Amino acid sequence: MSTLVNCPKCRVEIESDSYYCDQCGVELYICPQCHVFGKGKRCTQCGQPLVSAANQVVSPVHPSTSSVNSSASSVSPAPSEPEKTMRPGVSVPPLPVRLVCSAAGIRLGLGNGAVIGRRKGDYVSAFASQGYVSGTHARLQKSTSGQWEIVDLDSTNGTFVNGNRLSPNVPAVFSIGDIVRIANLDFKVE
């Protein structure tokens, strides 16, 4: 589980492994040396040029090197959990950062545990006028392996990944390039 940091633009708390702010949508930039988020061209702590968080492999942010909210609880991995490492020469596919429905003009930043719905959830403003979307339609979440999943919350008109209808309360993994359908709205995973 990642820790929380404040978006440099809107100051809303976001997960430290985000590429874009879930609230305002701004692309996040990070110092490759200090591993802190910033706005502008240079880190305010060390002066290094900031780089896009999407292009930066960052080690976990620790409270001593970031503006982590002290009231946020963080969970440390269990001691028996092996440390995740990369083998040289092995590339990891990028993780999705948003769902985009061009037809309806909706762009959703992915948030772990975020609920999609017309009446309840994190994206009510985007779905309030979408009559085919259930009041509480689906939930976005990260799997234990770090992949993004969507879970249909027993919606009336269904949730689909690449044309396959999801069974209620059964997570389905999605990746960049997939099509996630929420009722009658097709979202491209980016």
Side-chain angles (χ1 to χ4, degrees), residues 1-7 9-10 12-28 30 37 52-54 58 60-61 69 72-75 77 84 92-190:
M1 176 179 273
S2 62
T3 56
L4 298 176
V5 296
N6 291 325
C7 169
K9 182 177 180 188
C10 69
V12 169
E13 285 185 337
I14 55 175
E15 292 183 359
S16 63
D17 60 355
S18 299
Y19 298 148
Y20 295 86
C21 175
D22 298 333
Q23 186 66 35
C24 70
V26 70
E27 183 177 12
L28 299 174
I30 191 164
F37 290 101
S52 170
V58 179
V61 176
N69 182 337
S73 61
S74 63
V75 178
K84 295 177 183 170
V92 175
L95 290 176
V97 294
R98 65 182 157 269
L99 299 175
V100 178
C101 178
S102 298
I106 301 173
R107 295 172 57 95
L108 306 176
L110 301 181
N112 194 15
V115 173
I116 295 169
R118 193 168 30 91
R119 291 194 198 113
K120 293 182 183 175
D122 301 85
Y123 308 109
V124 172
S125 61
F127 292 103
S129 63
Q130 302 295 329
Y132 291 102
V133 175
S134 293
T136 307
H137 196 98
R139 181 179 59 247
L140 299 168
Q141 63 188 33
K142 276 194 171 180
S143 69
T144 54
S145 65
Q147 294 178 299
W148 279 103
E149 300 174 326
I150 189 164
V151 179
D152 183 85
L153 299 176
D154 205 15
S155 66
T156 302
N157 293 309
T159 305
F160 303 77
V161 175
N162 295 327
N164 299 313
R165 187 174 184 141
L166 306 185
S167 298
N169 301 307
V170 177
V173 172
F174 61 89
S175 303
I176 291 177
D178 289 347
I179 300 297
V180 173
R181 173 169 250 191
I182 298 167
N184 63 335
L185 301 170
D186 288 333
F187 289 84
K188 183 171 183 178
V189 180
E190 296 181 343

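Just so we're clear, the structure is a prediction, and the values are computed from it rather than from any experiment.
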Q.
Does any part of the side chain of Phe187, heavy atoms only, come nearer than 4.5 Å to the side chain of Ile182, both counted from C-beta?
A. yes
Q | Approximate separation, where rounding is to 0.5 Å, of Cys101 SG and Arg181 CZ | A | 9.5 Å
(Q) Within the 4.5 Å heavy-atom criterion, are Trp148 and Val97 side-chain neighbours or not? (A) no
Q: Flag the pair Ile179 / Val189 as yes when at least one side-chain heavy-atom distance between them is below 4.5 Å, and no otherwise.
A: no
**Q.** Interatomic spacing from CG in Asp154 to OG in Ser167 - rounded to 0.5 Å
**A.** 10.5 Å
Q) Any idea which heavy atoms bring Glu149 and Ser143 closest together, and the distance? A) OE2-CB, 3.3 Å
Q) To the nearest 0.5 Å, how far apart are OG in Ser102 and CZ in Arg107? A) 8.5 Å
(Q) Per the salt bridge (charged side-chain N to carboxylate O under 4.0 Å, His left out) rule, what does the pair list look like for residues 110-123, sequence neighbours excluded? (A) none
Q. Would you say the side chain of Leu185 lies within less than 4.5 Å of the side chain of Phe127, judging by non-hydrogen atoms?
A. yes
Q) Do you know which of Asp178, Leu99, Val100, Ile176 makes side chain to side chain contact (heavy atoms under 4.5 Å, CB included) with Glu190? A) Val100
Q.
Among Asp152, Val151, Leu153, exactly one meets side chain to side chain contact (heavy atoms under 4.5 Å, CB included) together with Pro168. Which residue is that?
A. Asp152
Q) Taking all atoms of both residues into account, what is the closest heavy-atom pair of Lys142 and Asn112, and its distance? A) N-OD1, 2.8 Å
Q.
According to side-chain contact (heavy atoms from CB on, under 4.5 Å), who are the partners of Ala183, at least two apart in sequence or on a separate chain?
A. Tyr132, Val133, His137, Asn157
Q: Starting at CG of Leu95, measure out to OG of Ser175 and round the result to the nearest 0.5 Å.
A: 8.5 Å
Q. Can you check whether Thr156's main-chain N or O pairs, donor with acceptor, with Ser134's side chain at less than 3.5 Å?
A. yes
Q.
Looking at every non-hydrogen atom in both residues, tell me the closest pair between Tyr123 and Ala114 and how far apart they are.
A. OH-CB, 3.5 Å
Q) Would one find more than 12 heavy atoms of other residues, nucleotides or ligands at under 6.0 Å from atom NZ of Lys188? A) no
